[in-house]
Amino acid sequence: MSQLILPKAWQRPEKEITPENVFNNRRHFLKLMGFATAGIAGALVAPPAFAKGMEAKLTQWMIGDNQTTGLPPIANLKRNPDYTYRRAMTKENAALTYNNFYEFTAEKELVWRTIDAFKPRPWEIAIGGLVEKPGVYDVDDFLKSFNVEERVYRHRCVETWAMVVPWVGFPLSDLIQKVQPKNNAKYIKFTSFDDPAVAPGQKRYRDLPWPYTEGLTMAEAMNELAFISTGIYGHSLPNQHGAPIRLVTPWKYGFKSIKSIVKIEFTETRPATFWNTLIPKEYGFEANVNPDVPHPRWSQRREKMIGTGDVFATVKYNGYGDFVAELYE
Ligand SMILES: Nc1nc2c(c(=O)[nH]1)N[C@H]1C(S)=C(S)[C@@H](COP(=O)(O)O)O[C@H]1N2
Ligand SMILES: [Mo]
């Protein structure tokens, strides 16, 4: 199906895994998942107390009152006023220090501390499958042809934490128009990197269905809300948010918003995806935010903002029904 020629670094290293390791690792990973979930009610209010030496790293990311990462600001950035969020913006230090990025660790407070070996440059992105213009591009060359804007979006993790952050990027539909999918393309599949040498979670939980993958229908992908993010808070993406390029689908649970993309493919059939493969009963392919459909292990009626601990009622489609409800009628 795919015409891609994959660079060596993306190929899964042939590692021997014994059945015993597979079982223990998977059980441990899933246990951590459950544990993290049970901790939600208490955890998120303040950024964690950092171990000695780690404060310096955070300070390095947070320059003065702007709480920026120290990454250079993006010039002439315009905030698109079409997307209202009706909630207080999350402070950057809260978003930087509470992440889901299972390639690194299953513990959200620790992602930012396990991510320095990961290098988002140089980076290649492959476009393939049912598309007129397949190719492998240097990410910076590829991104040059898109105009970035800022959009403030709500984000709702399936595990009930939420945030409001200013993403920098461009509509996914711009990318799709550029690469010209064929008429029989029905889905778009995204693939993250696979490199256990720099990602301790991938090394430890080697039997999970890496690389992380996600997908959308073409209609969802063409919706104006679907966004390719290359930055956050006015600068490029720090590692923990999915550098150098990620997806943002704010009407869906956060796990759909795949980070650190290396491959985008157009397919005729629905692609297998990471969480859906691992636990299909708990993580559906569609995964639209919906307070009326509980997760098998917890209610989805309420959500808690990271940084402040404010609790809100969860809204269908995460409040973006005006944009997307028609896709599902
Ligand atoms: N590659 C990859 N992408 C990922 C994840 C992940 O573990 N790996 N976690 C997802 C989940 S569950 C959420 S809630 C968001 C979190 O994004 P943030 O850490 O930038 O807030 O990223 C999503 N994208
Ligand atoms: Mo999530």
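Hydrogens, waters and symmetry mates are skipped; everything else that's a heavy atom, side chains included, is used. Atoms within a ligand are numbered from 1 in the order they appear, just like the ligands themselves.
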Would you please classify the geometry between the Trp275 ring and the Tyr283 ring as parallel, tilted or perpendicular, with 30° and 60° separating the classes? tilted
Tracing side-chain contacts under 4.5 Å among Ile, Leu, Val, Met, Phe, Trp and Tyr outward from Tyr187 reaches Phe285
Beyond-backbone contact of Arg151 with Pro171, side-chain heavy atoms, under 4.5 angstrom: yes
Taking only residues at least two apart or on different chains, which pairs with a member in residues 308-326 satisfy salt bridge (Lys or Arg N to Asp or Glu O under 4.0 Å)? none
Amino acids in close contact with ligand 1, where any non-hydrogen atom sits under 4.0 angstrom away: Asn99, Asn100, Phe101, Tyr102, Glu103, His155, Cys157, Trp161, Met163, Ser192, Tyr212, Gln240, His241, Arg246, Gly254, Phe255, Ser257, Ile258, Lys259
Which residue is it: Phe193, Tyr102, Phe274, Tyr205? I am looking for the one with a ring-ring contact (aromatic ring centres under 6.0 Å, His included) to Trp210. Phe274
Residue pairs fulfilling salt bridge (Lys or Arg N to Asp or Glu O under 4.0 Å) with at least one residue in residues 73-89, sequence neighbours excluded: Arg79-Glu150, Arg87-Glu303
